[in-house]
Amino acid sequence: MKKTIRVGLAAALTLCGTLALAQSLNVTLRGGTVDDQVAVDRNYDQMEGRIKRNYRQQPPLVPHSIAQYQIDLRTNQCLGCHDWSKAGERNAPTLSMTHYLDREGRELDQIAGTRYFCNQCHVPQANAPALVENLFQPSIGR
Ligand code: HEC
Ligand code: HEC
């Protein structure tokens, strides 16, 4: 009986120690506690205009906010400006031909299913510091 209590006590103390350690290591990635309002940098930059591509096949970065544009099974608001049938009157760059080729390489009049979810490939310009050093050199313009 005495032994059981002693073992139980030891386990409880170890648990307390672990909890205390976890508490002291409680460093958050966003640098605040759960209920803190941490201000974030504005991460959509609409002012810079289009950014030069780094290599020929790079999906261009989106030079405008996309927060308001819905993309789901029924609606794709990006197409409202970028589809070939609208781009002229909207004064937006037209989707390139690759967006109208199906998997067999057939030319379509409508966006290919493989290109429907634009933000799979196109991300908005972000005003964010590099997380790791990046030594990438573009293949052109050097
Ligand atoms: C209201 C019209 C409109 C809508 C909706 C719209 N765009 Fe755009 N988009 C533009 C215009 C205009 C430009 C050119 C901006 C410039 O030249 O600075 C552009 C530029 C771009 C470019 C850069 C092309 C390049 O060659 O640099 C990409 C990529 C893009 N948009 C993707 C998207 C995506 C993805 C969506 C939906 C989430 C979207 N756009 C919705 C009008 C629109
Ligand atoms: C599977 C990846 C992928 C998806 C999905 C995709 N794109 Fe692209 N997009 C690219 C690549 C790669 C390029 C550059 C090379 C090219 O034109 O194929 C590009 C080019 C563009 C351009 C520039 C065209 C030009 O001639 O300068 C626009 C605008 C654009 N995409 C908008 C969109 C929009 C809007 C959608 C959604 C309806 C979309 N893209 C979906 C990969 C993608």
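All residue numbers refer to positions in the sequence shown, counting from 1. Both ligands and their constituent atoms are indexed starting at 1 by order of listing. Just so it is clear, the model here is predicted, and its values are computed rather than measured.
Listed by atom number, the atoms of ligand 2 under 4.0 Å from T114 heavy atoms are 1 (C), 5 (C). Below 4.0 Å from some heavy atom of Q57 lie the following atoms of ligand 2, by number and element: 12 (C). Contact atoms of ligand 2 toward I111: 38 (C) (distance under 4.0 Å to a heavy atom of the residue).
Of the possible polar contacts, one joining the S65 side chain to the A67 backbone as a donor-acceptor pair under 3.5 Å is found. With hydrogens and angles ignored, the 3.5 Å screen pairs no side-chain donor or acceptor of Q125 with any backbone N or O of L61. For the pair N119 (side chain) and H122 (backbone), a donor-acceptor distance under 3.5 Å is absent. The backbone N or O of D72 lies less than 3.5 Å from a partner atom in the side chain of Y116, making a donor-acceptor pair.
Note on ring orientation: taking the six-membered ring where Trp is involved, the planes of Y69 and H64 are perpendicular (angle over 60°, cut-offs 30° and 60°).
Inclusion of T98 in the set of residues having an N or O under 3.5 Å from an N or O of ligand 2 is warranted.
Interatomic distance, CD1 of I111 versus CG of L101, reported as 10.5 Å (0.5 Å rounding).
Taken together through direct or relayed side-chain contacts under 4.5 Å among Ile, Leu, Val, Met, Phe, Trp and Tyr, L95 and L108 form parts of separate hydrophobic clusters.
With a 4.0 Å cut-off on non-hydrogen atoms, H99 touches ligand 2 through its side chain and not its backbone.
Ordered by chain and residue number, the residues placing a heavy atom less than 4.0 Å from ligand 1 are R50, R53, P60, L61, V62, P63, H64, I66, Y69, Q77, C78, C81, H82, N91, A92, P93, C118, H122.
Closest approach of N76 to C118, counting heavy atoms only: ND2-SG, 3.7 Å.
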